[in-house]
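Reckoned from all heavy atoms, side chains included, excluding hydrogens, waters and symmetry mates. Position 1 is the first residue of the sequence, and the numbers go up from there. When a ligand or atom number is given, it counts from 1 through the structure's own listing order.
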Amino acid sequence: MATRVRPSSKRCAVIGGSGFLGRHLVEKLLDRGYSVSVFDIRQSYELPGVTFHQGDLCDNQALLSAMKDVSLVFHCASPAPASDDRKLFERVNIQGTHTLIEACLEAGVQKLVLTSSASVVFEGKDVKNGREDLPYAKKPIDYYTETKIEQEKLVLEACDKEKGFLTVAIRPHGIFGPRDPQLVPILVDAARRGKMKFIIGDGTNLVDFTFVENVVHGHILAAERLRPDSPICGKSYHITNDEPVRFWDFMSEVLVGLGYAAPRYHLPYTLVYGLALLLWLLALILRPLVSFKPTFTPMRVALAGTHHYYSCDRAKRDLGYKPVVSLKDGIERTVQSYPHLRQGA
Ligand SMILES: NC(=O)C1=CN([C@@H]2O[C@H](COP(=O)(O)OP(=O)(O)OC[C@H]3O[C@@H](n4cnc5c(N)ncnc54)[C@H](OP(=O)(O)O)[C@@H]3O)[C@@H](O)[C@H]2O)C=CC1
Ligand SMILES: CC(C)CCC[C@@H](C)[C@H]1CC[C@H]2C3=C(CC[C@]12C)[C@@]1(C)CCC(=O)C[C@@H]1CC3
């Protein structure tokens, strides 16, 4: 009779491991003695101890080859929110996640850690110190968020102690750090085009921004504490820097750090939101004829003009989570990592 080889607990797979968060996670896992199998639609680097598997999340066979002898899977693949492509989000975040769960069960994977998002409860209205028991957004702000909700439900509902398949979801918020392709590049692009002179609203709204290494730390704690007898099975956890900051102070600090002027003039939130909605509709109607991407989308305006910060008490209690890098140090390290985005570079 053939004996089944029990996958090594130090071998894991990172789905989306070529991306911003994924690569930071891979680097920390290697430091901690794991060997890593990366599955992604693209390969962006090479590292000793990492095997790359290029493929689409919806391809069961390609996934299976990446999960050979793997006991732990991190799922942090997603199309970028800026793509605003409903079909793509549904295909990758919902169908792809379903395919991944099936593949995990088939390959005998024991633990699945999903990178969800704190935005799954955000409807464009203030969230102050939001806890994980807030209901999912009934009117999510965009297709990205809509499909992140379905994705999280799929993963948490798949948790099955009888089958020996344990799942948990990490909900980070506003991840930033070296190599981030979104926050700093979009901000600098807007500044270079003279669009960062204005503060939307009164500028006092508090927001969580989370340094990437803290997000990585939360994922690894969750993976290592995920056991049949632990309270974390099938649950979601906010992971933030635990230092809510005024949205416009954070943006100003990054801009000034890179040599740009901080925004100064105030514009009413409802006016900017209305204009952004109008532009978004126009872009949608004109899509077959011309393609243009407005900088101030309704989603970005909502995020720039409301409070959205979350309690990570549950993560502190169940995971022993505590941020490892402060906001101040995180901003400093981020600014230093973008010499090519400095004013005049
Ligand atoms: N950045 C943030 O502020 C936050 C992010 N998150 C979540 O964190 C996770 C990681 O985000 P982040 O690192 O910022 O994003 P990235 O876009 O940098 O990384 C995602 C990776 O997944 C890949 N990918 C996309 N589609 C597929 C597919 N069909 N099959 C295989 N791989 C695919 C991407 O490739 P390609 O680049 O070619 O599309 C990319 O390499 C995501 O799940 C996101 O929803 C949650 C909260 C906040
Ligand atoms: C042009 C300016 C008004 C804004 C520039 C900065 C924005 C690009 C970022 C500010 C908050 C960020 C954010 C995300 C993406 C980048 C920002 C909009 C997410 C939508 C990324 C994915 C998530 O799950 C939630 C994030 C919330 C914060």
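- Close contacts between ligand 2 and S119 involve ligand atoms 25 (C) [criterion: under 4.0 Å to a heavy atom].
- For the residue pair T295/K195, the side-chain donor-acceptor check at 3.5 Å is satisfied.
- Scanning all protein heavy atoms for the shortest distance to atom 26 (N) of ligand 1 gives V92 CG1, 3.9 Å.
- Not one N or O on the side chain of S236 forms a donor-acceptor pair closer than 3.5 Å with the backbone of A169.
- Using a 4.0 Å cut-off between charged side-chain N and carboxylate O, E243 and K328 make no salt bridge.
- Of the protein's heavy atoms, L303 CD1, 4.6 Å lies nearest to atom 19 (C) of ligand 2.
- For the pair G96 and ligand 1, no heavy-atom separation below 4.0 Å is found.
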Worksheet item: Checking side chain to side chain donor-acceptor pair (under 3.5 Å) for the pair R314/Y321: CA distance, chi angles, key distance, verdict?
Response: CA-CA 9 Å; R314 186 191 268 186; Y321 172 74; over 6 Å; no
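- The pair E90-K87 fails the salt-bridge criterion, with no side-chain N (NZ, NE, NH1 or NH2) lying under 4.0 Å from an Asp/Glu carboxylate O.
- In this structure, atom 6 (C) of ligand 2 lies nearest to the protein heavy atom M251 CE, 4.0 Å.
- Among protein heavy atoms, the minimum distance from atom 8 (O) of ligand 1 is reached at T115 CG2, 3.2 Å.
- Under 4.0 angstrom from ligand 1, the non-hydrogen atoms of Q182 all belong to its side chain.
- R342 CZ: more than 12 foreign heavy atoms inside a 6.0 Å radius.
- Of the listed options L21, T147, V215, V120, L21 places a heavy atom closest to atom 12 (P) of ligand 1.
- Of the protein's heavy atoms, G19 CA, 3.4 Å lies nearest to atom 19 (O) of ligand 1.
- Geometric assessment of R171 against the ring of Y310 yields a negative cation-pi assignment under the 6.0 Å and 45° thresholds.
- Annotation: atom 12 (C) of ligand 2 to nearest protein heavy atom, L183 CD1, 4.3 Å.
- With atom 17 (O) of ligand 1 as the reference point, the heavy atom nearest to it among S78, G174, G16 is part of S78.
- Of all the atoms in ligand 2, the ones that sit under 4.0 Å from a non-hydrogen atom of H173 are 27 (C).
- When S116, G17, S44, C76 are ranked by how near their heavy atoms come to atom 9 (C) of ligand 1, first place goes to C76.
- Side-chain atoms of T145 and D142 include a donor-acceptor pair closer than 3.5 Å.
- Residue K68 places its NZ atom among 12 or fewer non-hydrogen atoms of other residues, nucleotides or ligands, all under 6.0 Å distant.
- Within the listing of ligand 2, atoms 23 (C), 24 (O), 25 (C) sit less than 4.0 angstrom from a heavy atom of S117.
- Closest to atom 11 (C) of ligand 2 by heavy atom, among F176, F209, F198, is F209.
- For atom 2 (C) of ligand 1, the nearest non-hydrogen atom of the protein is I175 CG1, 3.6 Å.
- Comparing I186, I200, V207 against atom 8 (C) of ligand 2, the shortest heavy-atom distance belongs to I186.
- Two residues are said to be in side-chain contact when any heavy atoms from C-beta on lie closer than 4.5 Å; N129 and Y309 meet this criterion.
- Looking from atom 23 (C) of ligand 2 to the surrounding protein, the closest heavy atom is Y144 OH, 3.4 Å.
- Remark: among candidates T295, V184, L187, the nearest residue to atom 5 (C) of ligand 2 is L187, based on non-hydrogen atoms.
- Using a 4.0 Å heavy-atom cutoff, G55 is listed among the residues neighbouring ligand 1.
- Using modelled atom types and a 3.5 Å distance limit, the side chains of D202 and T204 yield a donor-acceptor pair.
- The contact set between ligand 1 and K148, taken as ligand atoms under 4.0 Å from a residue heavy atom, comprises 42 (C), 43 (O), 44 (C), 45 (O).
- Closest protein heavy atom to atom 14 (O) of ligand 1: F20 CD2, 3.8 Å.
- Proximity to Q182 (heavy-atom distance under 4.0 Å) selects the following atoms of ligand 2: 15 (C), 21 (C).
- Contact check on E152 versus K148 returns no salt bridge, with no Lys/Arg side-chain nitrogen under 4.0 Å from an Asp/Glu carboxylate oxygen.
- Of all protein heavy atoms, the one closest to atom 26 (C) of ligand 2 is G174 N, 4.2 Å.
- At least one side-chain heavy atom of L303 sits less than 4.5 Å from a side-chain heavy atom of F122.
- If you check which protein heavy atom lies closest to atom 23 (C) of ligand 1, you get D40 OD1, 3.4 Å.
- The pair E132-R317 fails the salt-bridge criterion, with no side-chain N (NZ, NE, NH1 or NH2) lying under 4.0 Å from an Asp/Glu carboxylate O.
- Ranking the protein heavy atoms by distance from atom 4 (C) of ligand 2 puts F247 CZ, 4.4 Å first.
- Not close to ligand 1: A80, with no non-hydrogen atom less than 4.0 angstrom away.
- For ligand 1, the atoms sitting less than 4.0 Å from at least one non-hydrogen atom of D56 are 29 (N), 30 (N), numbered in the order shown with element in parentheses.
- With respect to atom 6 (N) of ligand 1, the closest heavy atom belonging to the protein is Y144 OH, 3.7 Å.
- Scanning the protein for heavy atoms near atom 32 (N) of ligand 1, the closest one is I41 N, 3.2 Å.
- Taking every non-hydrogen atom of S117 and a distance limit under 4.0 Å, the qualifying atoms of ligand 1 come out as 46 (C), 47 (C).
- Using a 4.0 Å cutoff on heavy atoms, F296 counts as a contact of ligand 2.
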